[in-house]
Amino acid sequence: EGERTRVLITGASGLLGRAVNHELQQHKDQFETLGLCFSRQIEGLTQCDLTSIEDTLRIVTQSKPHLVVHCAAERRPDIVEKQPDRAKQLNDGATERLCQLAEECGATMLFISTDYVFDGKNPPYDEKSKPSPLNAYGESKVRCEQEVLRRRRNLVLRVPVLYGDTADVNESAVTCLFALVKAGVPCTIDHIAKRYPTHCADVANVVRHLSLRAGRIDGGVYHFSGNECLTKYEMCLAMGRVFGLSTDHVAPQVEPDSSATLRPVDARLSCQRLEATLGPEAVQRRSFEEGIRQCLAKFV
Ligand SMILES: NC(=O)c1ccc[n+]([C@@H]2O[C@H](COP(=O)([O-])OP(=O)(O)OC[C@H]3O[C@@H](n4cnc5c(N)ncnc54)[C@H](OP(=O)(O)O)[C@@H]3O)[C@@H](O)[C@H]2O)c1
């Protein structure tokens with residue numbers, strides 16, 4: 001009988017980190033987890049400021065993880081653009097420190113990255129495609145990936161726009177659309193960018209399988225994505241269908257908004273390496289209608 005895998009999960013109070021923490025805790029025979037939070041104090045999580053060297057050092061030395069699943073990040077492109085120093089401290093700084101501390105204690109890093117490392121002009125993108133980010137957020141994630149990938153066994157998992165269980169629909173760029181659908185006030189919603197909304201619980205399932213095999217599978221970049229292609233406008237229509245709400249007030253926006261932070265038009269991720277490495281059980285995808293029915297029902 002092997003030892004349980006000790007996993008340190010950063011950003012465990014966040015949208016994805018919560019799902020990862022929950023998923024690994026469902027498998028207590030295999031994992032011992034330590035979930036970190038920062039401003040949100042949640043029972044069962046440990047507070048740690050990852051921009052502080054002392055805090056980070058203390059947590060890693062005390063927990064001696066086999067694996068660090070690094071979900072904490074500033075992931076709002078507009079904030080990264082407007083507050084570059086803050087984003088640099090969390091995205092670049094914390095990732096660099098964690099990589100070094102993980103290496104010192106022999107732990108593997110699993111870094112969560114994004115499809116925004118690509119410019120979206122030439123999809124689909126596989127793990128070998130060359131990143132060419134359009135905005136400062138994408139640039140910061142590329143720098144973090146490069147730091148993580150300096151150690152051969154480390155893993156980078158790129159995912160597209162996420163949604164999942166939440167107490168606040170505005171937590172995700174997907175579920176926030178539901179507020180607009182429900183409000184009934186005329187609005188125009190992006191119908192240009194092709195998105196692949198992916199449920200956090202499906203990502204957490206992938207993370208569990210990667211965690212089980214970390215150190216024994218080849219390191220490097222893996223992609224995971226839902227396979228339904230929808231614009232935000234089409235996501236609104238789907239929400240209307242699922243909950244029987246009119247979407248007559250929602251109009252498609254087909255002209256680009258020149259004032260917004262640049263985002264890729266279609267950064268579809270090809271997931272073949274992940275599927276070949278982990279097999280079908282690890283790579284499950286619920287349909288978008290199923291996913292939003294589950295996480296939005298309590299807001300109807
Ligand atoms: N959401 C998406 O659509 C999406 C898409 C692609 C990739 N990703 C990537 O997936 C990962 C997870 O994203 P997410 O959506 O779960 O993010 P999120 O909901 O914004 O959560 C961010 C997490 O970072 C923590 N954090 C913030 N400042 C911190 C600090 N100084 N020290 C320690 N922790 C700090 C937050 O803790 P508190 O809340 O407790 O302060 C929170 O747990 C990120 O790497 C992101 O780039 C996300």
Side-chain angles (χ1 to χ4, degrees), residues 15-16 73-82 87 113-125 131-141 158-164 166 168-200 202-203 223-243 245-270 285-293 295-296 299-300:
L15 182 66
L16 177 61
E74 178 49 72
R75 48 99 163 154
R76 293 164 296 180
D78 303 324
I79 306 279
V80 177
E81 215 79 51
K82 288 186 195 118
S113 192
T114 168
D115 59 348
Y116 278 25
V117 300
F118 298 117
D119 61 18
K121 291 172 187 154
N122 194 19
Y125 295 92
S132 52
L134 292 178
N135 59 38
Y137 166 65
E139 286 165 7
S140 95
K141 298 297 273 192
R158 295 192 187 124
V159 294
V161 66
L162 302 176
Y163 70 101
T166 183
D168 173 3
V169 288
N170 290 317
E171 199 184 12
S172 138
V174 174
T175 51
C176 72
L177 299 170
F178 194 52
L180 302 174
V181 170
K182 263 180 45 175
V185 180
C187 56
T188 54
I189 307 288
D190 183 72
H191 190 43
I192 302 169
K194 295 177 165 42
R195 312 299 294 268
Y196 302 85
T198 300
H199 198 289
C200 285
D202 292 338
V203 180
H223 287 171
F224 178 63
S225 168
N227 50 18
E228 280 171 75
C229 175
L230 299 161
T231 64
K232 286 191 175 181
Y233 170 71
E234 290 166 334
M235 294 182 212
C236 289
L237 300 190
M239 290 172 188
R241 278 195 306 277
V242 166
F243 295 106
L245 298 168
S246 165
T247 46
D248 293 346
H249 61 291
V250 182
Q253 183 189 322
V254 290
E255 296 298 330
D257 174 0
S258 56
S259 67
T261 305
L262 273 176
R263 288 168 165 80
V265 167
D266 184 358
R268 185 169 144 217
L269 300 173
S270 134
R285 299 173 173 97
R286 69 201 67 200
S287 71
F288 185 65
E289 293 203 354
E290 180 69 35
I292 52 171
R293 183 175 287 119
C295 61
L296 292 175
F299 299 104
V300 175

Mind checking side-chain contact (heavy atoms from CB on, under 4.5 Å) for Pro160 and listing every partner two or more places apart, or none if nothing turns up?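 Pro160: side-chain contact (heavy atoms from CB on, under 4.5 Å) contacts with Asp115, Tyr196, Thr198, Ser225, Leu269.
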Can you sort out the partners of Arg158 under side-chain hydrogen bond (donor to acceptor under 3.5 Å, both in side chains), two or more places apart, ordered by chain and number?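 Per chain and number, Arg158 pairs via side-chain hydrogen bond (donor to acceptor under 3.5 Å, both in side chains) with Glu145, His223.
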The criterion is side-chain hydrogen bond (donor to acceptor under 3.5 Å, both in side chains); which residues satisfy it with Arg241, sequence neighbours excluded?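 Here the qualifying residues are Glu289.
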Atom pair [atom1] ([X]) and [atom2] ([Y]), whose distance is rounded to the nearest 0.5 Å:
X	Y	atom1	atom2	value
Tyr125	Arg268	OH	CZ	11.5 Å
Cys229	Phe288	SG	CZ	12.0 Å
Phe224	Arg285	CZ	CZ	5.0 Å
Thr175	Leu15	OG1	CG	7.5 Å
Thr188	Leu180	OG1	CG	10.0 Å
Leu230	Lys194	CG	NZ	11.0 Å

Do you know the tightest heavy-atom contact between [X] and [Y]?
X	Y	answer
Lys232	Arg195	CE-NH1, 3.8 Å
Pro77	Tyr116	CG-CE2, 4.0 Å
His199	Gly291	CD2-CA, 3.9 Å
Cys200	Leu162	SG-CB, 4.0 Å
Thr231	Ile192	CG2-N, 4.2 Å
Pro131	Pro133	C-CD, 3.8 Å

Taking side chain as C-beta onward, heavy atoms only, is [X] less than 4.5 Å from [Y]?
X	Y	answer
Val242	Phe178	no
Pro264	Phe118	no
Tyr233	Thr247	no

Can Thr166 and Asp168 be counted as having a side-chain donor-acceptor contact under 3.5 angstrom?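 Note: Thr166 and Asp168 side chains miss the donor-acceptor criterion.
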Evaluate the criterion side chain to side chain contact (heavy atoms under 4.5 Å, CB included) for residue pair Tyr137 and Glu81; output intermediate values, then yes/no. CA-CA 7 Å; Tyr137 166 65; Glu81 215 79 51; over 6 Å; no
With side chain to side chain contact (heavy atoms under 4.5 Å, CB included) as the test, would you mind laying out the steps for Val174 and Val161 before giving the verdict? CA-CA 8 Å; Val174 174; Val161 66; 3.9 Å; yes
Is there a donor-acceptor pair under 3.5 Å between the side chain of [X] and the backbone N or O of [Y]?
X	Y	result
His249	Val181	yes
Arg263	Thr261	yes
Lys182	Phe299	yes
Gln253	Glu255	yes
Asp202	Arg286	yes

